[in-house]
Amino acid sequence: MSKTQIILIAVVVLVVGALLGFVIGRSGGADINKTVAIDSKGVTSDVYNPDSYKKLYPLQYESYMEAKNYPEGRDKPGDFGGDKLFDHKERQTGLPVLFAANAFSKDYKDDRGHVWALEDLYASLRVTRDDSLPTATKGACITCKSPYLEQLYKDYPGNGGWDYAKQPFADIEAKVPVDHGSINCATCHDPQTHELRVVNKALIEAFALLPEYNYDLSENAAVKPSTQDMRSLVCAQCHVEYYFEPGSFKVIFPWTEGWTPQEQYKYYEKQLADTSTTAFKRDFVHGVSEALILKAQHPDFETWITGTHGKAGVSCADCHMPFMAKNGEKYSTHDVTSPLRTVKESCMTCHNQTEDWLIESVTSLQDNFWFTQHEAEQAVVELHNTIKAAKDAGIDSALIEKAQKQVRQAQWYWDFLAAENSMGFHNPDQGMQTAMEAVVIAKNMTLELAKAMK
């Protein structure tokens, strides 16, 4: 073969290779493992506005804004999770009784996603802006809704930065703009380095009491958690159970006894027995049974960390913010939503079953879990009503007090499951056991009251 022929062959190979690369890139066949360098210079102004990050991270920004295209939410495989806008009372008919005398009885809408968080909060019927009323909403309610939280700590430096929490809600609302102040880039990323970070002091303080986890989340920590750990810890700023400390309204995560609903109930029972002025006794006094009721929030982190995926080191972001590829660029989607919308990227990087098989497995688990959870809901409703009937019948006060303690525990177990967003998927074994415990507690106590009334 002549030198000229060799040169011609080499040219042809290079041209064909270039054409194939162009076709594959344009046809969506980009390698999802390819990482493209990004200019990560810091954002110096409007750090709490996602628009400030748009040019640096256009794909992340575009995906973050995706939910804005669906003001009523979106459908997905299955009947649970996601961001479809509806009131839970439509499906859980026992809620008006379970939350009697509590604001959740009149407004318990599902979430529409991070980009809507602040707007949904400001529009909620649970918010009472008249600070002269005993049910007045306080600034603490904005803690998990906005990166402006960082600024609020600076504006109200008293009590370690928690003084904003006890301010009238309307005062704090005026400081956080609804047009761009929802959960966004600065909630989880340092505006200068763009590395993952934790803003919420409640999480920093919670892990300071759990040295066995070695998660020093303070700004000047000598050793930072790994990036993989941070891909869950940034979510743990908000997707957790919490309560407001009486008097200060400081946000506290009840984790020192453990993660499970049973262990957290033990924590709250210790609070109930505590005689100090800051001890937390209840979220509300029930309007039917007059029991001291605990209202669970959204303990997604707790159920994840005790479940199969959490124990295996699969992060929240691995499933809810999977890596995608567009035009040859790899990025983590910031359309934080149900993995059932992104099964290929969220699940099939680890699981080798088909997409249909995986969806059916998840939805059937959620359907079965819903049935058991709903049984617990109905059992607790029956117990509340039976307690009232027993009181009206003049049953011994000691038995009434026992029943009120039992309904407090049973409702906590049910609510821990109902308020959690995965409908049992994060930890189905723990969830099914807890639901059945709620049923047994409620049914046995209802039977005991019924016998006493004969």
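Excluded from the calculations below are hydrogen atoms, water molecules and symmetry mates; all remaining heavy atoms, backbone and side chain alike, are included. Numbers here simply count residues along the sequence, with the first being 1.
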Between D111 and G113, is there a donor-acceptor pair closer than 3.5 Å when you use the side chain of the first and the backbone of the second?
no

Does F323 have K330 sitting over its ring (NZ/CZ under 6.0 Å from centre, angle to axis within 45°)?
yes

Any donor and acceptor pair, going by atom type alone, linking the side chain of T187 with main-chain N or O of I183 inside 3.5 Å?
no

With ring pair (Phe, Tyr, Trp, His ring centres under 6.0 Å) as the test, would you mind laying out the steps for Y57 and H194 before giving the verdict?
CA-CA 10 Å; Y57 301 99; H194 306 292; 5.1 Å; yes

Looking at R112 and D120, is any side-chain nitrogen of the basic one under 4.0 Å from a carboxylate oxygen of the acidic one?
yes

For Q433 and D429, which I'm curious about, is there any donor-acceptor pair between the side chains at under 3.5 Å?
no

Neighbour count above 12 (heavy atom, 6.0 Å) for K89 NZ:
yes

Under 6.0 Å between ring centres, would you say that holds for W255 and Y267?
no

Run through T308, T303, T306 and flag the one making a side chain to side chain donor-acceptor pair (under 3.5 Å) with N427.
T306

Do D131 and K138 meet the salt-bridge criterion of a basic N to acidic O distance under 4.0 Å?
yes

D335 vs R74, test: salt bridge (charged side-chain N to carboxylate O under 4.0 Å, His left out). Steps then yes/no.
CA-CA 12 Å; D335 181 19; R74 292 170 283 177; 3.0 Å; yes

Between Y213 and W259, is the ring pair (Phe, Tyr, Trp, His ring centres under 6.0 Å) condition met? List the steps.
CA-CA 13 Å; Y213 284 90; W259 306 109; 5.6 Å; yes

Are any of the side-chain heavy atoms of I142 and L152 separated by less than 4.5 Å?
yes

Do H384 and Q411 have a side chain donor and acceptor closer than 3.5 Å?
yes

Carefully, step by step, assess L210 and F207 under the rule side chain to side chain contact (heavy atoms under 4.5 Å, CB included).
CA-CA 5 Å; L210 302 173; F207 273 114; 4.2 Å; yes

Does the side chain to side chain contact (heavy atoms under 4.5 Å, CB included) test come out yes or no for I172 and Y148, once each step is laid out?
CA-CA 10 Å; I172 302 302; Y148 275 84; over 6 Å; no

Is any side-chain N of the basic residue among R129 and E173 closer than 4.0 Å to the acidic one's carboxylate O?
yes

When you compare the side chains of Y48 and E150, does any donor N or O come within less than 3.5 Å of an acceptor on the partner?
yes

Mind running ring pair (Phe, Tyr, Trp, His ring centres under 6.0 Å) on F425 and H309 for me, showing each step along the way?
CA-CA 10 Å; F425 179 78; H309 289 86; 5.6 Å; yes

Cation over ring face, K295 and F104, 6.0 Å, 45°
yes

Rounded to the nearest 0.5 Å, how far apart are CG of N421 and NE2 of H320?
8.5 Å

Kindly compute the distance separating CG (D190) from SG (C185), expressed to the nearest 0.5 Å.
12.5 Å

Would you give the length of the straight line joining atom CG of L233 to atom CD of Q237, rounded to the nearest 0.5 angstrom?
9.0 Å

Please assess E420 against H426 for the test side chain to side chain contact (heavy atoms under 4.5 Å, CB included), listing each intermediate value before the final yes or no.
CA-CA 9 Å; E420 200 269 340; H426 284 160; 2.6 Å; yes

Do H334 and Y64 make the cut of ring centroids closer than 6.0 angstrom?
no

Q378 side chain to E382 side chain, donor-acceptor N/O pair below 3.5 angstrom:
no

Decide, yes or no, whether a salt bridge links E195 with K224 under the criterion of side-chain N to carboxylate O below 4.0 Å.
no

Taking the side chain as C-beta and beyond, is there a heavy-atom pair between Q262 and Y413 under 4.5 Å?
yes

Kindly indicate, with the supporting measurements, whether the criterion ring pair (Phe, Tyr, Trp, His ring centres under 6.0 Å) is fulfilled by Y243 and Y268.
CA-CA 10 Å; Y243 67 93; Y268 283 125; 5.7 Å; yes

Side chains of T372 and E375, donor plus acceptor under 3.5 Å
no

Are E263 and T260 close enough that a side-chain donor and a side-chain acceptor fall under 3.5 Å?
yes

Could you grab the distance from atom CG of L272 to atom CZ of R282, nearest 0.5 Å is fine?
11.0 Å

Under a 3.5 Å cutoff, is there a donor and acceptor pairing between the side chains of Y61 and D51?
yes

With rounding to the nearest 0.5 angstrom, report the CD to CG distance, Q373 to D415.
9.0 Å

Any donor-acceptor pair under 3.5 Å linking the side-chain atoms of N102 with those of S105?
no

So, S52 and N49: side-chain donor and acceptor under 3.5 Å apart, yes or no?
no

Would Y108 and L95 count as a side chain to side chain contact (heavy atoms under 4.5 Å, CB included) if you check the C-alpha gap in whole Å, the side-chain angles of each, and the deciding distance to 0.1 Å?
CA-CA 9 Å; Y108 198 168; L95 294 189; 3.7 Å; yes

Quiz question: by atom type and distance under 3.5 Å, do the side chains of S364 and Q366 form a donor-acceptor pair?
no

Is any side-chain heavy atom of W304 less than 4.5 Å from a side-chain heavy atom of D300?
no

State, without any angle test, whether S218 and D216 hold a side-chain donor-acceptor pair at a distance under 3.5 Å.
yes

Is it true that the side chains of D130 and T128 contain a donor and an acceptor less than 3.5 Å apart?
no

V127 versus Y122: any side-chain heavy-atom pair under 4.5 Å?
no

Thinking salt bridges, do D83 and R341 make one under a 4.0 Å N-O criterion?
yes

For the residue pair T143 and Y164, establish whether any side-chain heavy-atom pair is separated by less than 4.5 Å.
yes

Would you compute the distance between atom CD1 of I359 and atom CD of E355 and round it to the nearest 0.5 angstrom?
4.5 Å

Any Lys/Arg nitrogen of K109 or D107 sitting under 4.0 Å from an Asp/Glu carboxylate oxygen of the other?
yes

So do V240 and H298 actually touch side chain to side chain, heavy atoms under 4.5 Å?
no

Heavy atoms, side chains only, cut-off 4.5 Å: are D367 and F371 in contact?
no

Does any donor atom in the side chain of S182 or E119 lie under 3.5 Å from an acceptor atom in the other side chain?
no

K311, NZ: over 12 other non-hydrogen atoms inside 6.0 angstrom:
no

With a distance cut-off below 6.0 Å to the six-membered ring centre and an angular limit of 45° from the axis, does K201 pair with Y153 as a cation-pi contact?
yes

Any donor and acceptor pair, going by atom type alone, linking the side chain of E245 with main-chain N or O of F280 inside 3.5 Å?
no

Over 12 non-hydrogen atoms of neighbours within 6.0 angstrom of CG in N69:
yes

Please tell me if the side chains of F253 and E241 come closer than 4.5 Å, counting only heavy atoms from C-beta onward.
no

Quick one about W162 and E205 (side-chain donor to acceptor, distance below 3.5 Å, no hydrogens or angles considered), yes or no?
yes

Determine, for E62 against K326, whether the closest basic-nitrogen to carboxylate-oxygen distance falls under 4.0 angstrom.
yes

